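Below is one structure, written out as structure tokens; comments come after it.
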Amino acid sequence: MNEKLQKIKEEAIMKIQEADTLEKLNEIRVAVLGKKGELTEVLKGMKDVAAEDRPKVGQLVNDTRTAIEEKLEEVKTMLSTKEREAKLKAEVIDVTLPAKKSIVGHKHPNTVALEELERIFIGMGYEVVEGPEVEYDYYNFEALNIPANHPAKDEQDTFYINDKIVLRTQTSSVQVHEMEKGKLPIRMIAPGRVFRADEVDATHSPSFHQVEGLVIDKNVTFADLKGTLAQFAKELFGEDTKVKFRPHHFPFTEPSAEMDVTCFKCNGKGCRMCKGEGWIEILGCGMVHPHVLEMSNIDPNEYQGFAFGIGLERIALLKYEIDDMRLLYENDIRFLKQF
Ligand code: DAH
């Protein structure tokens, strides 16, 4: 018995010393001390040992076990340290390497221009509101004095969802939503996306943005329209900017006009920017048509108003001197981050 134990111990210790991973070490522990391990088998044989020898043999088995366990523990500590060190070495961080740059996005020129417009109008007491892009024909046309078969509808007769629903062709539809709310006075701008069946070129896109403006109050005259838009033009293009109104036709305003500003590049002398004109057209405007007010339950004898519509891309292109609208939609960060 003594010899057998001695042999188990020596062999176990030798194997333990040779183990080079924690896994192998565990395998040895199971093979020797586990339920079916060599030493456990010896213990099971104790019943055959004479009663008077049992304490002695028991002591021997325990000593063997302790010796093996101690060795196991010793090698385990050593291997753990080794594995830890190897892991640390593999994961070493070179703090002198250049950092990974996180790429920060950039505001789109449209957004920069819109924020500028909003800042100006909020400063004049306007509220910024929004309306739906998918719109009833009624709001986009009918309630704006553009009945079915009206020739003005022709150039905007575009993306229909069904007979009654259309992708809005102008933000003027938001005027109607605001008037219908019945809360007067109104002083709002409504920025948003509009859709038309236009071919893509340097100045056209089937989807672009407008900023609508509407003021409804008592005693509003064309002088208010002019003063407001002249002040807007000065804030946007510079203190020296002058404005000029050319008669025009929009079904929902009467009278209607297009507003030009003096070219901010040449101050009106004529240059490439303004195509030699000295003036640049920037918006459509007019006094809200009495019939439009009536359709939205506003009494034109008590209330008047003015409205305007600005092409957002047009402002962005002008302000940042971009000569092709398509550049705004390509989302090339190298282009966008210049503005
Ligand atoms: N909705 C017009 C368009 O898309 C622009 C416009 C003109 C809006 C005159 C207005 C306005 O509010 O008064 O061509």
Side-chain angles (χ1 to χ4, degrees), residues 117 121 126-133 135-147 150-159 166-180 186-198 203-217 220-230 232-233 243-261 280-293 295-296 298 300 303-315 325:
L117 298 195
F121 282 106
Y126 285 59
E127 197 186 339
V128 181
V129 302
E130 280 184 23
E133 290 176 3
E135 186 58 280
Y136 284 108
D137 182 277
Y138 175 78
Y139 289 91
N140 196 85
F141 297 119
E142 206 88 3
L144 289 166
N145 229 3
I146 312 172
H150 190 286
K153 205 171 163 181
D154 216 33
E155 67 184 52
Q156 293 186 23
D157 233 353
T158 56
F159 301 115
V166 64
L167 296 188
R168 70 175 174 199
T169 65
Q170 49 186 355
T171 46
S172 304
S173 52
V174 189
Q175 290 190 28
V176 183
H177 286 289
E178 284 305 298
M179 288 190 290
E180 272 189 352
I186 295 170
R187 206 174 283 122
M188 66 120 204
I189 57 167
R193 193 190 291 269
V194 299
F195 307 83
R196 292 185 193 178
D198 278 333
T203 52
H204 291 88
S205 159
S207 150
F208 58 102
H209 300 78
Q210 293 184 330
V211 179
E212 192 75 17
L214 177 70
V215 171
I216 309 264
D217 205 344
V220 176
T221 69
F222 201 95
D224 297 304
L225 177 156
K226 190 177 171 188
T228 302
L229 294 179
F232 159 69
V243 295
K244 166 171 97 172
F245 293 85
R246 280 178 293 100
H248 199 80
H249 173 261
F250 296 105
F252 41 89
T253 44
E254 182 59 36
S256 305
E258 280 187 326
M259 186 178 92
D260 296 348
V261 294
I280 299 173
E281 181 217 318
I282 63 158
L283 56 84
C285 58
M287 301 304 292
V288 180
H289 197 296
H291 188 227
V292 169
L293 293 173
M295 280 189 280
S296 288
I298 297 173
Y303 283 95
Q304 301 79 40
F306 66 84
F308 51 91
I310 307 169
L312 183 61
E313 278 80 357
R314 189 161 167 73
I315 300 293
M325 192 172 178

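Each ligand, and each atom within it, is numbered from 1 in the order the structure gives. Because the structure is a prediction, the values reported are computed rather than measured.
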Which residue and heavy atom of the protein sit nearest atom 2 (C) of ligand 1, plus the separation: Gln170 OE1, 3.6 Å

Arg196 contact mode with ligand 1 (heavy-atom cut-off under 4.0 Å): side chain

Geometric class of the His289/His291 ring pair [parallel <30°, tilted 30-60°, perpendicular >60°]: perpendicular

Ser172 and ligand 1 - part of the residue with a heavy-atom distance under 4.0 Å: side chain

Tyr126 ring center within less than 6.0 Å of Phe232 ring center: no

Minimum non-hydrogen distance to atom 8 (C) of ligand 1, winning option of Gly309, Gly311, Ala307: Gly309

Geometric class of the Phe308/Phe121 ring pair [parallel <30°, tilted 30-60°, perpendicular >60°]: parallel

Short N or O distance, Gly213 and ligand 1, threshold 3.5 Å exclusive: no

Ligand-residue contact atoms, ligand 1 with Gly286, heavy atoms, under 4.0 Å: 13 (O)

Side-chain heavy atoms of Val194 within contact of Thr171, under 4.5 Å: yes

Residue Thr253 vicinity, atoms of ligand 1 by number, heavy atom under 4.0 Å: 13 (O)

Option with minimal heavy-atom separation from atom 12 (O) of ligand 1, where the choices are Glu212, Arg168, His289, Gln210: Glu212

From Ile189 atom CD1 to Leu214 atom CG, the distance as rounded to the nearest 0.5 Å: 12.0 Å

Glu130 versus Pro191, closest heavy-atom pair with distance: CG-O, 4.3 Å

Residue-ligand contact Phe252/ligand 1, heavy atom below 4.0 Å: yes

Ring centres under 6.0 angstrom apart (Phe306, Phe222): no

Interfacing atoms of ligand 1 (cut-off 4.0 Å, heavy-atom, Gln175): 12 (O)

